[in-house]
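Positions are given from 1 along the sequence. Order of appearance sets the numbers: ligands from 1, and atoms from 1 within every ligand.
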Amino acid sequence: MAATWLNDAVFYEIYPQSFFDSNGDGIGDIPGMTQKLDYILSLGCNALWINPCFDSPFKDAGYDVRDYKKVAPRYGSNEDLIHFFREAHRRGIRVLLDLVPCHTSEEHPWFRESCREAENEYSHRYIWTDSCWTQPQGIPFVGGEAPRDGCYILSFFKSQPALNFGFGNPTASWQQKAGSPATLETREAIWDVMRFWLEQGCDGFRVDMAGALVKADTPDQAYTQAVYRDLRQRLDRDFPEAALVAEWNVPKHSLNCGFDMDFYLSWAGNGYHSLMRNYDPADYPAGPDRSYFKADSGADPMHFLAEYLPNYLDTCGKGLWCFITGNHDTTRPRFNLTPEELKIAYSFLFTMPGAPFLYYGDEIGMRYRRLPNKEGGFNRTGSRTPMQWTGGKNLGFSQGAPEALYLPVDPAEDAPTVQAQEADPNSLLNYTRAVIALRHSRPDLQARSPFQVYFAQPGSRLLAYRRGKLLCVVNPGRETLALELDRPYAPLFTQGQAELSGNTLAIQGFAVLTPRG
Ligand code: GLC
Ligand code: CA
């Protein structure tokens, strides 16, 4: 584990097309991101994850890469990105780019070559069956579209053919064993991309669909793990401070093969989901919301702990399983939680182990909006709208015509903005800053400091956990509850009501306590 800077890292995720438009064409861009670095610093964030900003036909918002080594012209140039790295570093901010290793765009030159009838260098860069009549079983594929006689396998949308990292357990002659020469060439090609950007100054990568590299892998994904173990060795040799975060959500695999971090993703029914998004978006707000952080849900944190604890204990000391406020694929947490509820949720997210990730706009509680599909976003589109900076034109996102914007800004009269919340000491923005500052000020609250449950019980809204010698207590409900403490404490940080009398804490909201005496 080389990247020591992760100990105190707080990440901010930027969706580049929606962050800040510097030239009035309606699309966020890299010079715009550079202009906003001081704002990011003011949040207390010292690391960034930038969604894909590479040349692309944008059928999946840039996750369909056409040229890994070229910044998409709509965002600027490679020089702009290199300048951005420099300006970020000058402020002590690290930058992770998004690496998409499982697939490319169907317009990538590698794929164009791979589609040719005549055998060439790229024939096995993707996964093809040996005739167009041989159809892969149980894997999405396309047949009959290319001159080449074969079907090719898809990784996500139709526009995203799967790169060939082979099969763990090949069952047909067209399936290559993971680790065979053609699959090693794919690995080299991805390493070449990583090295290219690391040499330009990026600090690592968020790895897209990290667990999906090798098809028909073993249950513990041994062949996929082998690829990352190799890449990690190369990083340790050439870029020892580089960090990798996986979009995998299987920390016992990802943190075992060289990832510094994995995301605790929002998967229906899982532990994280039960905290923040335990409702049916189709009938919300008519239907029930059983999220732990919803004030009136009555929910306890047991479902979350039953998943989190064993994974945490399994991977403790190996790497970080990271909490997110949301991301470009989830609904915004403000969809179902009020700003006051968000304050309690963020208190928890920013005092848990791992490196927390704040999705742009969640610090002001930007809303989720039901919008028509944009660039393959579908239901995700509503979480990808322009950042709301001011009360001015296009909420300060762009000087362009409103019709030219990547997505419309929030038309609500009370649309939250940075400007309005800067001026309000009780705003979600200023609260988020305070919680992040608290984390920076206390090594006990940082990434690798020990975590232990102090109190949780079926049917109880209370959750108390130790971080190092500190005690964090959460009660997201409306009723004040009593918690017996094991020794005298003094309050270090409180939100809502938190009163100590003797060794009893009466709490509604959130508190961090420090041992006294
Ligand atoms: C990941 C990305 C998502 C993208 C998909 C395919 O899940 O987060 O936005 O559509 O991979 O690359
Ligand atoms: Ca622009």
Side-chain angles (χ1 to χ4, degrees), residues 13-36 49-54 56-66 68 71-77 80-81 84 96-106 108 140 153-163 190 205-213 245-250 254 262-268 322 324 326-331 357 359-360 373-384 386-387 389 393-394 396-402 404-407 409:
E13 178 190 347
I14 297 184
Y15 197 64
Q17 50 271 62
S18 296
F19 196 53
F20 186 61
D21 172 23
S22 72
N23 62 356
D25 67 356
I27 300 178
D29 46 55
I30 291 165
M33 287 166 22
T34 309
Q35 286 182 42
K36 294 299 183 184
W49 155 30
I50 313 296
N51 289 103
C53 54
F54 313 108
S56 166
F58 294 109
K59 290 189 176 175
D60 184 17
Y63 281 97
D64 47 331
V65 179
R66 185 164 53 199
Y68 286 102
V71 166
R74 75 185 197 184
Y75 299 139
S77 63
D80 290 329
L81 185 55
F84 175 75
L96 305 188
L97 296 178
D98 212 315
L99 181 73
V100 188
C102 290
H103 49 264
T104 66
S105 158
E106 63 198 340
H108 196 292
I153 283 178
L154 300 175
S155 176
F156 197 70
F157 288 150
K158 187 255 161 194
S159 55
Q160 292 157 314
L163 283 163
I190 292 299
F205 302 94
R206 175 267 189 185
V207 181
D208 187 64
M209 289 178 58
L213 277 189
V245 54
E247 187 203 26
W248 196 333
N249 199 23
V250 186
S254 57
D262 195 352
F263 287 118
Y264 199 170
L265 295 170
S266 192
W267 287 355
C322 299
I324 59 174
N327 67 25
H328 62 290
D329 295 329
T330 71
T331 47
F357 281 71
Y359 182 50
Y360 86 95
N373 171 42
K374 175 82 176 181
E375 296 185 347
F378 298 96
N379 64 321
R380 306 174 294 182
T381 304
S383 295
R384 301 175 173 186
M387 179 67 182
W389 297 101
K393 182 178 180 184
N394 299 320
F397 164 67
S398 168
Q399 285 309 307
L405 300 194
Y406 180 74
L407 282 169
V409 297

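Looking at Lys59 and Glu106, a side-chain N of the basic residue comes within less than 4.0 Å of a carboxylate O on the acidic one, giving a salt bridge. We find that Arg384 and Asp329 are joined by a salt bridge, their nearest charged nitrogen and carboxylate oxygen being less than 4.0 Å apart.
Paired with Tyr63 under the rule side-chain hydrogen bond (donor to acceptor under 3.5 Å, both in side chains), one option of His103, Glu375, His328 passes, and it is His328.
In summary, the atoms of ligand 1 found under 4.0 Å from a heavy atom of Asp60, numbered by their order in the structure, are 4 (C), 5 (C), 6 (C), 10 (O), 12 (O). Listed by number with element, the atoms of ligand 1 under 4.0 angstrom from any heavy atom of Arg380 are 3 (C), 4 (C), 9 (O), 10 (O). Counting the atoms of ligand 1 from 1 in the order shown, those under 4.0 Å from a heavy atom of Met209 are 6 (C), 11 (O). Listed by number with element, the atoms of ligand 1 under 4.0 angstrom from any heavy atom of His103 are 6 (C), 12 (O). Counting the atoms of ligand 1 from 1 in the order shown, those under 4.0 Å from a heavy atom of Asp329 are 2 (C), 3 (C), 7 (O), 8 (O), 9 (O).
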Exercise for review: Could you walk me through whether Ile324 and Phe263 pass the side-chain contact (heavy atoms from CB on, under 4.5 Å) test, one step at a time?
Suggested key: CA-CA 7 Å; Ile324 59 174; Phe263 287 118; 3.6 Å; yes
Exercise for review: Verify side-chain contact (heavy atoms from CB on, under 4.5 Å) between Tyr68 and His108, making sure each step is shown before the conclusion.
Suggested key: CA-CA 9 Å; Tyr68 286 102; His108 196 292; 3.7 Å; yes
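Counting protein heavy atoms only, atom 7 (O) of ligand 1 is closest to Glu247 OE2, 2.7 Å. The nearest heavy-atom contact from the protein to atom 2 (C) of ligand 1 is Asp208 OD1, 3.1 Å.
Counting only distances under 3.0 Å, and ignoring water, the protein N, O or S atoms around the Ca ion (ligand 2) are Asp21 OD1, Asn23 OD1, Asp25 OD1, Ile27 O, Asp29 OD2.
Taking the six-membered ring where the residue is Trp, the centroids of Trp389 and Phe19 are separated by under 6.0 Å.
Taking CD1 of Ile30 as the start and OG of Ser77 as the end, the distance is 7.5 Å to the nearest 0.5 Å. Asp208 contributes atom CG, which lies 8.0 Å from atom CZ of Phe156 (distance to the nearest 0.5 angstrom). Between the CD atom in Gln17 and the CG atom in Asn51 there is a gap of 7.0 Å [rounded to 0.5 Å].
Both tests pass for Arg74 against the ring of Phe58: distance under 6.0 Å to the centre and angle within 45° of the axis.
Counting heavy atoms closer than 4.0 Å to ligand 1, residue Arg384 contributes side-chain atoms (C-beta onward) but none from N, CA, C or O. Contacts with ligand 1 closer than 4.0 Å are made by side-chain heavy atoms of Arg206 only, the backbone lying farther away.
Not close to ligand 1: Val100, with no non-hydrogen atom less than 4.0 angstrom away.
Looking at heavy atoms from C-beta onward, Leu213 lies in side-chain contact with Cys102 at the 4.5 angstrom threshold.
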